[in-house]
Peer 1: 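Here you go, one structure.
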Amino acid sequence: MFTKQGPTVRELAVQALSSTERGYDLLAPKFDETPYRTPDRVLDAVTRAVRELGPFDTGLDVCCGTGAGVGVLRQLCRERAVGVDFSAGMLAEARGAFPPGSEGPAVHWVRADARSLPFAPAFDLALSFGAFGHFLPAERFGLFAEVYGSLRPGGQFVFPLGAPPPVGSRAYWSLFGFDAAMRVRNALWRPRFVMYYRTFRLGDVLEDLTQAGFVVRLLPLTELGLRPDGSPRARLVVATREDRGAGGS
């Protein structure tokens, strides 16, 4: 799973016994050499799908990590792309990947917790890749509300969501085992490292997005493949902050 340039078993163990923030600070220099980075084929599929929803002037990458999502925003936004993350280490790597003076829209980095975003309604587009497992189910509505408050009326919050693996499959038991081990670790060790794969279920996500004020639709990402029953292996969640002042009182 890991290249020779990736983290060692010892480094992973130290990171896993740290807090979520400290763990990512430690992992940051080697993060892009791990399977945790969103694959390029997913980034490319989302880029193509979201381009059809534009145009966009300003974009926000929520929990940007080393900046993969900012790379997507730079292809989609005309004026400005902003990456926000709570890990100083991940932001340092992201800054190195997009040095000042690069072609394309202006890029800015903000260190902040996504549960308390420091933005006025300023963005046409927000996206996120691979970060939602770091939020407990009880925190999800608050996270969505923060994103909602950072979007202009008509702004869109988009993210890919994979279909769950079939019950009893190898992937199912792998994710089940990981989450079980993480629950035991967090019950026995402090500080907690929050990372769960099976807590971000589509029905719950759609309910929380709607409660936060979004109007939600799903777009199939068919280029990422189909399941045996013909359904897509991944969908793009498109949550729109509607302009409540338009045509209303």
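Excluded from the calculations below are hydrogen atoms, water molecules and symmetry mates; all remaining heavy atoms, backbone and side chain alike, are included.
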Peer 1: Which residues satisfy the side chain to side chain contact (heavy atoms under 4.5 Å, CB included) test with Pro105, sequence neighbours excluded?
Peer 2: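 Listed in chain order: Arg74.
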
Peer 1: Are Leu224 and Val158 connected in the hydrophobic side-chain network, where two residues link if heavy atoms are under 4.5 Å apart?
Peer 2: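 In one cluster: yes.
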
Peer 1: Would a 4.5 Å heavy-atom cut-off, applied to side chains only, mark Val107 and Val82 as touching?
Peer 2: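 Contact flag for Val107/Val82 side chains = no.
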
Peer 1: For Tyr172, I'd like to know if atom OH has over 12 heavy atoms of other residues, nucleotides or ligands within 6.0 Å.
Peer 2: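 Buried by this count: over 12 neighbours within 6.0 Å.
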
Peer 1: Okay, side chain of Thr34, backbone of Tyr36: is any donor-acceptor separation there less than 3.5 Å?
Peer 2: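 Confirmed, Thr34 side chain pairs with Tyr36 backbone.
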
Peer 1: Checking Ser87 now: which residues fulfil side chain to side chain donor-acceptor pair (under 3.5 Å) with it, not counting sequence neighbours?
Peer 2: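 Once residues adjacent in sequence are excluded, the partners of Ser87 under the side chain to side chain donor-acceptor pair (under 3.5 Å) criterion are Asp25.
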
Peer 1: Just grab all the salt bridge (Lys or Arg N to Asp or Glu O under 4.0 Å) pairs involving residues 10-20, residues at least two apart or on different chains.
Peer 2: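 Salt bridge (Lys or Arg N to Asp or Glu O under 4.0 Å) check on residues 10-20 returns Glu11-Lys30.
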
Peer 1: With sequence neighbours left out, write down each residue that passes side chain to side chain contact (heavy atoms under 4.5 Å, CB included) with Thr210, or none if nothing qualifies.
Peer 2: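 Once residues adjacent in sequence are excluded, the partners of Thr210 under the side chain to side chain contact (heavy atoms under 4.5 Å, CB included) criterion are Val216.
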
Peer 1: Please say yes or no: joined through hydrophobic side-chain contacts below 4.5 Å, possibly via intermediate residues, are Val42 and Val70 part of one cluster?
Peer 2: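 No, no single cluster joins them.
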
Peer 1: Just distance, no hydrogens or angles: give the donor-acceptor pairs under 3.5 Å from side chains in residues 188-196, sequence neighbours left out.
Peer 2:
from   : atom 1 : to     : atom 2 : distance (Å)
Trp189 : NE1    : Leu17  : O      : 3.0
Arg190 : NH1    : Asn186 : O      : 2.2
Tyr196 : OH     : Asn186 : ND2    : 2.9

Peer 1: Could you name each residue pair satisfying salt bridge (Lys or Arg N to Asp or Glu O under 4.0 Å) that touches residues 80-93, not counting sequence neighbours?
Peer 2: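 For residues 80-93: none.
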
Peer 1: Check residues 109-132 and write down every donor-acceptor pair under 3.5 Å in which the side-chain atom is one partner and the other belongs to a residue at least two apart or another chain.
Peer 2:
from   : atom 1 : to     : atom 2 : distance (Å)
Arg111 : NE     : Phe86  : O      : 3.2
Arg111 : NH2    : Glu21  : OE2    : 2.5
Asp113 : OD1    : Arg115 : N      : 2.9
Asp113 : OD1    : Arg115 : NE     : 3.0
Asp113 : OD2    : Arg115 : NE     : 3.2
Asp113 : OD2    : Arg115 : NH2    : 2.7
Arg115 : NH1    : Glu139 : OE2    : 2.7
Asp124 : OD1    : Arg152 : NH1    : 2.9
Asp124 : OD2    : Asp57  : N      : 2.9
Asp124 : OD2    : Thr58  : N      : 3.0
Asp124 : OD2    : Thr58  : OG1    : 3.4
Asp124 : OD2    : Arg152 : NH1    : 3.3
Ser128 : OG     : Val62  : O      : 2.8

Peer 1: Output all residues satisfying ring pair (Phe, Tyr, Trp, His ring centres under 6.0 Å) with Phe178, sequence neighbours left out; order by chain, then residue number.
Peer 2: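 Phe178 satisfies ring pair (Phe, Tyr, Trp, His ring centres under 6.0 Å) with Tyr197 once adjacent residues are dropped.
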
Peer 1: Nearest 0.5 Å please: distance from the NE2 atom of His134 over to the CG atom of Leu143.
Peer 2: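 The CG atom of Leu143 is 12.0 Å from NE2 of His134, to the nearest 0.5 Å.
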
Peer 1: Taking the side chain as every heavy atom from C-beta outward, state whether Phe159 and Val46 have any pair of such atoms under 4.5 Å apart.
Peer 2: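 Side chain of Phe159 against side chain of Val46, heavy atoms only: no contact under 4.5 Å found.
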
Peer 1: I'd like to check the salt bridge (charged side-chain N to carboxylate O under 4.0 Å, His left out) partners of Asp40; sequence neighbours left out, ordered by chain and number.
Peer 2: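 Asp40 satisfies salt bridge (charged side-chain N to carboxylate O under 4.0 Å, His left out) with Arg37 only.
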
Peer 1: Quick one: list whatever passes side chain to side chain contact (heavy atoms under 4.5 Å, CB included) with Ala16, sequence neighbours left out.
Peer 2: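 Ala16 satisfies side chain to side chain contact (heavy atoms under 4.5 Å, CB included) with no residue once adjacent residues are dropped.
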
Peer 1: For the aromatic rings, using the six-membered ring if either is Trp, is the centroid distance between Tyr148 and Phe214 under 6.0 Å?
Peer 2: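 Distance test on ring centres: under 6.0 Å, yes.
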
Peer 1: Among residues two or more places apart or on two chains, list those pairs meeting salt bridge (Lys or Arg N to Asp or Glu O under 4.0 Å) that have a residue in residues 206-233.
Peer 2: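 Pairs touching residues 206-233 that pass the test: Arg48-Glu223, Arg140-Asp208.
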
Peer 1: List the residues meeting side chain to side chain contact (heavy atoms under 4.5 Å, CB included) with Leu202, not counting sequence neighbours, and say none if there are none.
Peer 2: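 With sequence neighbours excluded, Leu202 shows a side chain to side chain contact (heavy atoms under 4.5 Å, CB included) to Leu161, Leu206, Leu218, given in chain and number order.
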
